[in-house]
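See below for the structure under consideration.
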Amino acid sequence: MPSGDDNGALRDFKLTESTFLASLMPKKEIAADRFVEEHPEYDGRGVVVAIFDSGVDPAAAGLEVTSNGKPKILDVIDCTGSGDVDTSTIVKADDNGCIRGTSGNSLVVNSSWKNPSGEWHIGCKLLYELFTSTLTDRLKKERKKKWDEKNQEAIAEAVKQLDDFDKRHTKVEDTNLKKKREDLQSRVDLLRKQADNYDDKGPIIDAVVWHDGEVWRAALDTQNLEDEAGCGKLANFVPLTNYRIERKYGIFSNLDACTFVLNVYNEGNILSIVTDSSPHGTHVAGITSAYHPKETLVNGVAPGAQLISCKIGDSRLGSMETGTGLVRALIAAVEHKCDLINMSYGEPTLLPDYGRFVDLVNEVVNKHRLIFISSAGNNGPALSTVGAPGGTTSSIIGVGAYVSPAMAAGAHNLVEAPPEGLEYTWSSRGPTIDGDLGVSVSAAGGAVAPVPTWTLQRRMFMNGTSMSSPCACGGVALIVSAMKAEGIPVSPYSVREALENTSIPVGCSPEDKLSAGQGLMQVDRAYEYIQKSRDVPSVRYQIKINQSGKTRPTSRGVYLRKSDLCQQSTEWTVKVEPKFHDDASNLDQLVPFEECIQLRSTAEAVVKAPEYLLLTHNGREFNIIVDPTTLGDGLHYFEVYGLDCKSPWRGPVFRIPVTITKPQTVKSRPPVVVFQGMSFVPGQIERKFVEVPIGATWVEVTMKTSGFSTARKFFIDSVQLSPLLRPIKWESVATFSSPSSKSFCFAVQGGQTMELAIAQFWSSGVGSHDTTSVDFEIAFHGISINKEEIVLDGSEAPIRIDAEALLSLENLAPAAVLNKVRIPYRPVDAKMSTLSADRDKLPSGKQTLALLLTYKLKFEEGAEIKPHIPLLNNRIYDNKFESQFYMISDTNKRVYAMGDVYPETAKLPKGEYTLQLYLRHDNVQYLDKMKQLVLFIEKNLDEKEALRLSFYAQPDGPVLGNNNFSSSVLIPGTKEAFYVGPPAKDKLPKGASAGSVLVGSISYGKVSFGVNNEGKNPEKNPVSYSISYIVPPAQLDEDKGKGSSSGCTKSVAEQLEEEVRDAKIKVLSSLKRTTDEERSEWKKLSTKLKSEYPKYTPLLAKLLEALVSQNNIEDNIHHYEEIIAAANEVIESIDTEQLAKYLALKSDPDDEGVEKMKKKMDTTRDQLAEALYQKGLAIAEIESVKSEKDVGTEDTKASPDTSRRPDLFEENFKELQKWVDVKSSRYGTLYIIRERRKGRLGTALKVLSDMIQEDGQPPKKKFYDLKLSLLEQIGWGHLVSYEKQWMNVLFPASLPLF
């Protein structure tokens, strides 16, 4: 255990103000404070650190300058692309300096801005897309408060107008007065309803980019964000260029207090608006190198270091890292010639030390000599919980999280600190699944550090390995600062060796290395080590281990978990291969390299190795023997390490970790294991290893606590390892307010060793001095089945299942449900492109390519869906593909969902959608193979649609409908068979077409406690398996085609004439009319057909449709008059009396002839209604055009009496009213125009709102334009602003960039 002087493990101490402040930013623990005090010039000066994180706020406290006055942050980059704005649209300003922004807003550019070309690149962005959810929530609350005030004013005025009307008209009998009152009431109702439905999607900001003759510059228009008129205008914005050039930033507004940076890429076609995706990155940067000249005690570890902020946390994904972000960050780190990288991110992994990102990291470390430091993870306390990349990658220094008594008392504000420092309970532990130690060293894992300005505070406390990693990184920055100042070559190999060989052990047992690595790093000792070893070659020692006689798998350590391997002696072949940096000289460095290595074992009785090894550049193999037979049950850790015989002071130059988790076997039947009287103090971890009996599939655990008076918090973890699977982990955090019992159940794999880690949380019960007593009982249960994955092939045949209980009596109670439908899609388009060299040229010089796959989706009703890409999903680091990203958008380009390796469920309304999948790699052959990538859309079935499957005792059960099987008791040693039947064909959900797959789960056992759903939902059972059903082709319609020729009285000649006529009309409809020549041809044919069939309604309806869709109109009034004439021809061609009589009759749906006639008459009615509708619109447009011409003209002649003129619009409207519902979404526009003509704007708005709600998807822009027009006319400015914001969401100018 480290001494108090070395790591802040102070006993019986009292905090003073200075020690309290120092504990908020721990440096004493790693001896950084002592080092800087002795070497003030080596405080990180000359060192550049890349922070791979959620983004760093350049305005945050302590991140402005270094200790020697240099700029603290050299560049701020959004590597994810989440803030990218498409600025490829180019416009020119008019004589007044005005341009039309992408949002539709009119913008004025500042006349003083230099723009030799006169070309302005424009784009726009929804502001909330740049903000964190926390900031967005705060802004929404504040904006809603202001909006409510305006809406209440409008409601008060509307209510007053209604009251005034009621006072003037005590009895309302006149129809017009009734409608007037309805209009006033509608206004009140609309305003109140708007308050209930308020949903703030945030303002939109316009962006303008231009080249001033020297650099690209950008400006933002944020007027929509400001309350005061004139604030946020584009012309008032101080233009910014790429941050690295001038190191300037902006703030959107005082309300949000959010800092942003602008970077221009791709010749002005992309503007990156950089904001952080969480406070995490700024906090990490502050720990690494914050400098507070007036508060030096809370400085970061290396206040002289400079930073590069590489945002890898994608704002679109709530700060999740993406492959694109990770690779671009590596490119930026090399481009900026960084010395170190800190990455406080990570995920579980399937394969350690594997994947595209790992390959690129190896290149950056080995070729460019960057020192990569990363967090080990926060998934402890169980073993093998280290995450990727920090804890699983050989070229990265993985850091565990340590807490000292000083940190506990100060930063954690504990009443009583623990007596000595320890690893945080949640800090991830090694080894990796291939036996590597996992954690390299440890550092202080908590701090009060700077956070972004938008949090409205200067500093914040956070803890995690996310904090220990930058603490270590800052410590290494001090060492590198010294190395540079003293001319010592910097190498990640020599730095790592120095760190690991000078750390102070945490804990007193060898097994503690799996928690803390080699120990708590010590800056001063590491510096002294490096000084002494400056002439030692910079070499890393690559370890490859195979069990003798086997070529696979290759590992980096020996990790024995299985019971059989722990009961016998095994031999392992170890290859140690020295690796130099890529620029090493063959003759000067590789050829002369030779080391005489003395091999030592920490326990020769268990691990035997040769005594010496002569190591040259090409490496050397040797064998070791591991004999665990004499060991007791539990965890054992040993090392074989090599010492340089010429320089034994160096300590181990390489280590071979040997981890043995010897499980106890369960011999009792029924199989129950009891651990009694385990005593716990704060931070204590008990690890129990049990060989899960063959046949066990779940365990039921009871934990009983006693012996304490204050609450106790426990972490309970279970971990099992299986080849090519992520560690199978179950975890629970249990708080006992008083002595009591808790029960848990979870799945296990029979035949595999299970670790059960029970830990009293490090700070739980610190001040009470009571020892907690824990009894643990584990009861194993299991039902073995012959088919773990069941596929029903679409036939009527059931699937036979054999069930067997090998351990004890078990209740067999099968339950199965199909609750998802998985529909396969292939891309309809695949486009490959080469990405810009600005951000996507790899350090190797290779250019990154992108493949964009397009899939078309259609849903007949609203659905919850999730994209599923079996090849790529659920793997970030252990994936050889660089990145994946998808977007789902409707026909209006509104994005409903986006995601990457972890797709999430999205709610989509009925309609058609486009899914675009974006893949990146530098290998064109890999991308070529993906051009026909199959993607599944997984649609959730609601409770009513979910199919619960039946079980049968006989194979004919599904057809006969009897012999149901429900439950029984399984006796050990005997099998029981039963059948699961397919779902009934008539119960299949809508949209489940042939080739689709219904998927769900099936369970067999019944748990004693914790699950009480009576078998209805197998997913709630601790053990469930996959079951699927392949949807067969739909059954044929037996009635289809019957009587198809009945009732046909027309001659062959008449039928032929009709076919020819309809064919001619079809040709007319297919003709294009884009050029003058095409329009002329169309005119000739339409005139000819009209002369041949002058009264044929379908032809006349087509001609009307063509007129309505005509573009480039020169004379509007003449055009609308043509529409009226064409509509009249359609109306006159229809015998309305006969049509009315027919529609009034009730038809026999079984009579096919009658049904045909009904369909024809319905079509005729629709053609009539369409003609009346278009005629009404044309009349209204003519009135509007004429009234606009008359406005402002002065006519001295007396106006003729117009009171007797017929109201053509009203007459036409009343005629339409006879045939259709004029308030429907199809014809409601005319009703709205009518209400508007009569001044009843409230009624018009109400009808329009109903139309929009009933219209379905996708929304129609013309309805929203009309709504805006009505709101502007009525004078509700706050609703005008609100609707404009929503229109930018519903009808974006373009799809966002990937």
Side-chain angles (χ1 to χ4, degrees), residues 30-31 35 339-341 361-362 365-366 369-374 390-391 393-400 430 436-443 472-473 475-484 486 488-505 513 516-543 556-557 574 576-582 584 589-590 593-600 602 613 615 617 619 639-657:
I30 62 169
F35 179 82
D339 301 289
L340 291 98
I341 296 170
V361 167
N362 291 339
V365 172
N366 300 333
R369 296 176 175 251
L370 273 75
I371 304 167
F372 201 128
I373 299 172
S374 184
T393 307
S394 293
S395 56
I396 295 177
I397 298 171
V399 186
D436 191 43
L437 186 58
V439 183
S440 175
V441 293
S442 288
C473 185
V476 174
L478 300 179
I479 297 168
V480 173
S481 179
M483 294 174 74
K484 285 189 164 187
E486 297 181 6
I488 301 173
V490 177
S491 165
Y493 307 158
S494 56
V495 169
R496 181 175 192 143
E497 183 180 306
L499 289 177
E500 293 183 347
N501 285 340
T502 59
S503 294
I504 300 175
K513 282 193 174 186
Q518 300 305 328
L520 190 62
M521 66 173 281
Q522 300 294 294
V523 174
D524 54 351
R525 296 185 184 187
Y527 164 65
E528 292 167 3
Y529 184 99
I530 283 175
Q531 281 187 313
K532 195 173 180 180
S533 61
R534 65 185 302 160
D535 296 326
V536 175
S538 296
V539 176
R540 67 182 173 92
Y541 298 84
Q542 181 175 282
I543 306 293
R556 295 173 293 166
V574 179
V576 180
E577 195 171 353
K579 294 288 184 181
F580 289 77
H581 286 290
D582 291 0
Q589 292 174 279
L590 273 58
F593 178 82
E594 189 172 279
E595 289 181 338
C596 179
I597 301 294
Q598 182 183 12
L599 295 175
R600 289 187 181 177
T602 57
L613 183 74
L615 193 59
H617 167 251
E639 284 181 349
V640 172
Y641 58 91
L643 297 175
D644 183 353
C645 294
K646 293 181 181 179
S647 307
W649 57 265
R650 289 174 64 188
V653 295
F654 61 82
R655 295 176 175 87
I656 300 160

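Numbers here are sequence positions counted from 1.
- Here L613 contributes atom CG and Q598 contributes atom CD; the two are 11.5 Å apart, rounded to the nearest 0.5 Å.
- Looking at heavy atoms from C-beta onward, P652 lies in side-chain contact with L643 at the 4.5 angstrom threshold.
- Formation of a donor-acceptor pair under 3.5 Å by the N501 side chain with backbone atoms of R650 is found in this model.
- Put simply, the side chain of S481 never gets that close to the backbone of A477: no donor and acceptor are under 3.5 Å apart.
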Show which side-chain atoms of residues 533-540 pair as donor or acceptor with protein atoms under 3.5 Å away, not counting sequence neighbours.
| unit_1 | atom_1 | unit_2 | atom_2 | d |
| --- | --- | --- | --- | --- |
| S533 | OG | Y529 | O | 2.9 |
| R534 | NH2 | E486 | O | 3.1 |
| R540 | NE | N366 | OD1 | 3.4 |
| R540 | NE | Y493 | OH | 3.4 |

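- The shortest side-chain heavy-atom distance between I30 and F35 does not fall under the 4.5 Å cut-off.
- Taken to the nearest 0.5 Å, the CZ atom of R655 stands 11.5 Å off from the CG atom of D436.
- Residue N362 holds its CG atom at 11.0 Å from NZ of K579, rounded to the nearest 0.5 Å.
- Side chain of S647 to main chain of D644: no donor-acceptor pair is present (N/O by atom type, distance under 3.5 Å, no hydrogens or angles).
- Qualifying side-chain contact (heavy atoms from CB on, under 4.5 Å) partners for R496, counting only residues two or more places apart in sequence or in other chains: I397, S440, E500.
- Here the rule is side chain to side chain contact (heavy atoms under 4.5 Å, CB included) with I371, and of V480, I341, V365, D339 only V480 fits it.
- Note: Y541 and F654 have tilted aromatic rings, judged against thresholds of 30 and 60 degrees for the angle between ring planes.
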